[in-house]
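Protein chains get the first letters and strands the later ones, always in sequence-line order, with residue 1 at the start of each. As a basis for the values below, the full set of heavy atoms in this structure was taken, side chains included, without hydrogen atoms, waters or symmetry mates.
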Number of protein chains: 2
Amino acid sequence: MRPTVHDIAAAAGVSLATVDRVLNQRPGVRHVTREKVETAIRELGYIRDVAAANLAKGRTYPLVFILPASDNSFMHGLNAEIRQAILRSSAERTDIRTIEVSAFDPAALVSVLEGLSQEKRCGIAMVATDAPEVRDVVDRLVRAGFSIVTLVSDLTGSLRHHYAGIDNIAAGRTAARLLGRFLGARKGEIAVLAGSMLVRDHRERLEGFTSVIAEEFPDLAILPVLEGRDDPEVAHMLVADALSRNAGIVGVYSLGAGNRGLVRALKEKAVDRTLTVIAHELTVHTRAALIDHTIDAILNQDAGHEVRSAIRVLKAKADGLAVIEAQERIRLDIFLKDNLP
Amino acid sequence: MRPTVHDIAAAAGVSLATVDRVLNQRPGVRHVTREKVETAIRELGYIRDVAAANLAKGRTYPLVFILPASDNSFMHGLNAEIRQAILRSSAERTDIRTIEVSAFDPAALVSVLEGLSQEKRCGIAMVATDAPEVRDVVDRLVRAGFSIVTLVSDLTGSLRHHYAGIDNIAAGRTAARLLGRFLGARKGEIAVLAGSMLVRDHRERLEGFTSVIAEEFPDLAILPVLEGRDDPEVAHMLVADALSRNAGIVGVYSLGAGNRGLVRALKEKAVDRTLTVIAHELTVHTRAALIDHTIDAILNQDAGHEVRSAIRVLKAKADGLAVIEAQERIRLDIFLKDNLP
DNA sequence: GATTTTTTGATTTACGTACATCAAATTTGG
DNA sequence: CCAAATTTGATGTACGTAAATCAAAAAATC
C-alpha cells in the first residue's frame, strides 16, 4: 500500500497537522521540523493522492484557451475539440474558458494575457504569435505562478512550460523528402503555398522543406513562396495563376491552410499534367482530394491530441506532477489514401 | 456543480441508502422505487464521481497482460512499456500482472485464459493468437464479466471489447503505396520478409500490400514470401540468399520483426544496387538503418500508446464508462529520416 | 525567570461515495 | 387483521486529504 499522511506523521515523529503544514506550504513550521517531514516524505516515497486531495479541496482546474480568430478548417477543428473537452470537464474537474484574439496580432494577444494576469491563477493554453512582447508577458505570467503551454505554434525562448504541437521543421523536411522521392528522377519546379511568412510554424516548415530539397534533391527548384493568408480564395487565385504561367511545375507543397482553394485550382489547371502534391492538415477537403489522387500525401497534426495533451500537462503542472513525456509528444501524422482514419 | 447522491435522493424522494442500493445494484428495492431513482439519475444527469468512489472502495483495477514469449525488439519494447505502467500503478490504482505464453501457440494461450477464468474478475489485455479455440475462451470470459482488449494482434469475430493496435491491412497498403511511389517508373521484383504466415497481423499486412501492388503498380512483381520467424539469423539468411539469386529485386518490404538480420543482409548484398526498403517497427536497428539510408521508411506502432490505451480502456470498462474513441485509435506511424522522434 | 512569540499537537469537519447495521415502515400472505 | 417478509430510512464509519480551531508546548525576548 502506498504511504499516507499518517505514515509520514508517524515516521517523522510529528503530528498530522504539521505534515499538512509542510505539504501545503503553510507557515508556522520550524526549519528543522520541516526537514524532518520532508525526509520522511522522501524516504517513504510518499505521493499525494491527487484524487483524494481534489475531493477534499473541491478543486477544479481553471483553464483558459487563447485562440486566433481564424476562419479555417483547422481552427474550427481545434475549437470543436475544446468543446469536447468542455463536455468532459465535470469528470475531469476542469473549468475551461476560451478567448479569441485577432490572428497575427501580438498586441491583441498581449492585452489578453495582461488581463489574465490580473485574475486568479489559471492554466493557459495559447496559440502563440511569435513576438518579443508576447514572450515578455508569458515570462511574467510564468513567474507569477501561471502554467502556460503553447499550442500548435510555439514560443521558443520563453519560459512556457510545454509546447503541444508538432515539430514544424521536421514536418517541412518530411514533406520535402516525400515530394522528392515521389517525383523520383523528374526535374522541375516546386510551388510552395503558405499562409503567411509572419507565422513561426509556416516559416519553420518552409525552412525544413527548402533545406532538404537543397541538400538532397538538387534537380528540384523551389519557386517564390505564395502567401495565401490561409484563405481559400486567395490560395485558389495564387495557385491557378502559378500553374498557368509556369509549365515546369512538377510539385506543390501547401504548408498552410486554405486548401479548399488549392484543390479547386489543381482540378482546374492540372488535369493534364501529373503533379505531385503534399498538403498540411486533414480536413474534409484535403481528405477528398487525397482519395481522388489530387493530393498525394497529407501531413497532419491531431488537434484532439493537442488539446487533450495541453489539458493533461496543465493539470499536472498545477499539481506539481510529472508528465509522461512520450505520451505528450505530438506526432506528425502522414496520411496516404490507404491509412486514413 | 454536478449532482451528487444527495441530490438524487432528494429528487427521487427517497433516502440515501435507497439511492445507494440502486446505484450499486444491491437487493431490497421495489421495482417502482428503483424506477423513481433511475429517473432522477437520468434527469439530473448524475454521473458517479469515480475518484470518490474508488477512494471509498479502496479500489484497485486488477489487470493482466498476456504476452508471447518472443525474443524481438518489439516485444521487449512492449514489455518495457508495461513495466513503466507498473511503476505508475499506485497513482493509477492499477494492479498489473504479466503472463508470458509461448508464441504462436493457441493451446498455451487457452490454458492461461482458462486459469484466469477461475480467479476473480480482472481486465485482460492480450496479444491474441488467431484460433477458434481462443475465440471461444475469450467469449466465455467476456460473458463471465471479464473485460478483454486485444493488443497488437486482434481476434476479430470474438466478443473482445476493444482492439488496441493498428489496422494491419492499412499498414500493408500504405507500405505498398510508399514503395510503389518511391520506385517511380522502375520495374522489377519485390521481396517480402514476414515472420510467419500463421500470425494474423502478418497475413493482413501482406494482404494489404499485395492488393495495392496488384491494383496500382502492375510493373512490380511480388516474390514468394520469405518467412523469417521474426528471427534475425533466419531473416539474414533468407534475404541474403534472395538478393544473391535474384538481380531483379528493386524493393523489399519487411513486415515482421528480426530486422537486424535484414539490415545486415542489405549492407552485404545491396551496396551496389539502389534498393527501396520499407520495414516495420522502429528499433535501434531500423532507426540506424533509416538514418544511413539502408531503409527508406519505417512503419511503426507505438507500444507505449498501445499499453496506455489498453489500460485506459480496461479501466473504463470496469467502471462502465465510455472511452474517447479518437484517443484510443492506435495510429500507424510513418517515419522517414526527417521525422524520427 | 517571566512574558511574549512561535511552533506543534489534537481534534473536528468536509469532500462524494461505499457499505454495514438496525430500526421503522410498508407490503404481502394467510 | 395479524404475523411474517420485504422494503425503506436513519445513521455511522471509512477512504486520503484539506483546512480550520484551540490548546499546549517550546523557543525567543526582555
Side-chain angles (χ1 to χ4, degrees), chain A residues 1-41 44-61 89-93 95 315 318-321, chain B residues 1-41 44-61 89-93 95 315 318-321:
Chain A
M1 272 318 243
R2 58 194 284 189
T4 72
V5 277
H6 294 86
D7 302 319
I8 304 297
V14 301
S15 77
L16 223 62
T18 302
V19 174
D20 181 71
R21 290 182 184 112
V22 173
L23 277 175
N24 298 291
Q25 29 230 4
R26 271 183 264 280
V29 184
R30 257 192 313 166
H31 189 67
V32 281
T33 315
R34 167 159 277 131
E35 299 245 294
K36 269 198 301 185
V37 174
E38 276 164 355
T39 306
I41 288 174
L44 296 190
Y46 169 82
I47 306 160
R48 181 198 250 103
D49 182 329
V50 181
N54 285 346
L55 180 60
K57 277 196 280 212
R59 160 166 214 167
T60 55
Y61 298 84
S89 56
S90 78
E92 297 178 348
R93 308 191 93 92
D95 176 16
K315 286 177 71 173
D319 293 329
L321 294 177
Chain B
M1 274 314 243
R2 58 195 282 190
T4 72
V5 277
H6 294 84
D7 301 319
I8 304 298
V14 299
S15 77
L16 224 61
T18 302
V19 174
D20 181 71
R21 288 179 186 113
V22 173
L23 278 175
N24 297 290
Q25 31 231 0
R26 271 184 262 280
V29 185
R30 257 192 314 167
H31 189 67
V32 282
T33 315
R34 168 160 276 132
E35 298 244 293
K36 267 199 300 186
V37 174
E38 278 165 354
T39 305
I41 289 175
L44 296 190
Y46 169 81
I47 306 160
R48 181 198 250 103
D49 183 329
V50 181
N54 284 346
L55 179 60
K57 277 195 279 211
R59 161 167 213 168
T60 56
Y61 298 84
S89 56
S90 78
E92 298 179 347
R93 309 192 93 91
D95 176 15
K315 286 177 72 173
D319 292 330
L321 295 176

Undergrad: Between B:Ala56 and B:Thr18, name the one whose nearest nucleotide on DNA chain D is closer to the 5' end.
TA: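 In this pair, the answer is B:Thr18.
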Undergrad: Atom NZ of A:Lys315 and atom CG of A:Leu321: how far apart are they, to the nearest 0.5 Å?
TA: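 CG of A:Leu321 is found 10.5 Å from NZ of A:Lys315.
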Undergrad: Mapping A:Arg26 and B:Ala52 to their closest nucleotides on DNA chain D, which lands nearer the 5' end?
TA: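 Nearest-nucleotide comparison on DNA chain D picks B:Ala52.
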Undergrad: To the nearest Å, how far apart are B:Ile8 CD1 and D:dG9 C1'?
TA: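 Checked: the CD1 to C1' distance equals 18 Å.
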Undergrad: Report which part of the nucleic acid B:Asp20 touches: base, sugar-phosphate, or nothing (heavy-atom distance under 4.0 Å, all strands).
TA: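 B:Asp20: base contact, heavy atoms under 4.0 Å.
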Undergrad: So, taking the atom named OG1 in B:Thr18 and the one named CG in B:Leu23, what distance separates them when rounded to the nearest 0.5 Å?
TA: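 Atom-to-atom, B:Thr18:OG1 and B:Leu23:CG are 11.0 Å apart.
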Undergrad: Grab the CG-P distance between A:Leu23 and D:dT17 for me, whole Å please.
TA: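 To the nearest whole Å, that distance equals 8 Å.
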Undergrad: For C:dA10 and A:Ser15 - does any side-chain N or O of the residue sit under 4.0 Å from the phosphate oxygens OP1/OP2?
TA: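 So the side chain of A:Ser15 is outside the cut-off, no N or O lying under 4.0 Å from OP1 or OP2 of C:dA10.
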Undergrad: Using atom NE2 of A:His6 as one end and atom C1' of C:dT12 as the other, report the distance to the nearest whole Å.
TA: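 These atoms are roughly 13 Å apart.
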Undergrad: Mind checking the CG-CG spacing from A:Leu55 to A:Asp49? Nearest 0.5 Å is all I need.
TA: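 It is 9.5 Å, given to the nearest 0.5 Å.
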Undergrad: Quick one: pull up CD in B:Glu38 and CD1 in B:Ile8 and give me the separation to the nearest 0.5 Å.
TA: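 Those atoms lie 11.0 Å apart.
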Undergrad: Under 4.0 Å, heavy atoms only, any strand: does A:Gly58 hit a base, just the sugar-phosphate, or nothing?
TA: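 If one applies the 4.0 Å heavy-atom cut-off, A:Gly58 turns out to touch nothing in the nucleic acid.
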Undergrad: What's A:Val14 touching, base or sugar-phosphate or nothing? Going by heavy atoms closer than 4.0 Å.
TA: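 Sugar-phosphate contact only.
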Undergrad: What's the spacing between A:Asn54 CG and A:Glu92 CD if we round to 0.5 Å?
TA: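 Going from CG on A:Asn54 over to CD on A:Glu92, the span is 12.5 Å.
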Undergrad: Let me know, please, whether B:Arg48 or B:Arg21 comes out on the 5' side of the other along DNA chain C by nearest nucleotide.
TA: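 This one resolves to B:Arg48.
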Undergrad: Looking across every strand, which nucleic acid part, if any, lies under 4.0 Å from B:Ala17 by heavy atom: base, sugar-phosphate, or nothing?
TA: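 It contacts base atoms.
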Undergrad: What is the distance, to the nearest angstrom, from the NZ atom on B:Lys57 to the C1' atom on C:dA20?
TA: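 Value for this atom pair: 16 Å.
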Undergrad: Considering only side-chain heavy atoms of A:Leu55, which listed nucleotide, C:dT17, D:dG16, D:dA18, is closest?
TA: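 Shortest atom-to-atom distance from the side chain points to D:dG16.
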Undergrad: With heavy atoms under 4.0 Å as the rule, sort A:Asp49 into base, sugar-phosphate or nothing.
TA: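 If one applies the 4.0 Å heavy-atom cut-off, A:Asp49 turns out to touch the sugar-phosphate alone, with no base involved.
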Undergrad: Let me know the distance between CG of B:Asn54 and C1' of C:dG16, rounded to the nearest Å.
TA: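 Checked: the CG to C1' distance equals 12 Å.
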Undergrad: With respect to the phosphate group of D:dA26, does any side-chain polar atom (N or O) of A:Arg30 fall under 4.0 Å of OP1 or OP2?
TA: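 Checking A:Arg30 against D:dA26: no side-chain N or O falls below 4.0 Å of OP1 or OP2.
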Undergrad: Rounded to the nearest angstrom, tell me the gap between atom CD in A:Gln25 and atom C1' in D:dT17.
TA: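 The distance from CD of A:Gln25 to C1' of D:dT17 comes to 15 Å, rounded to the nearest Å.
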Undergrad: Quick one: B:Ile41 CD1 to C:dT17 C1', roughly how many Å, whole number?
TA: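 Taking CD1 of B:Ile41 and C1' of C:dT17, I get 13 Å after rounding.
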Undergrad: Could you state the CG-P distance from A:Asp319 to D:dG16, rounded to the nearest angstrom?
TA: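 About 18 Å, once rounded to whole Å.
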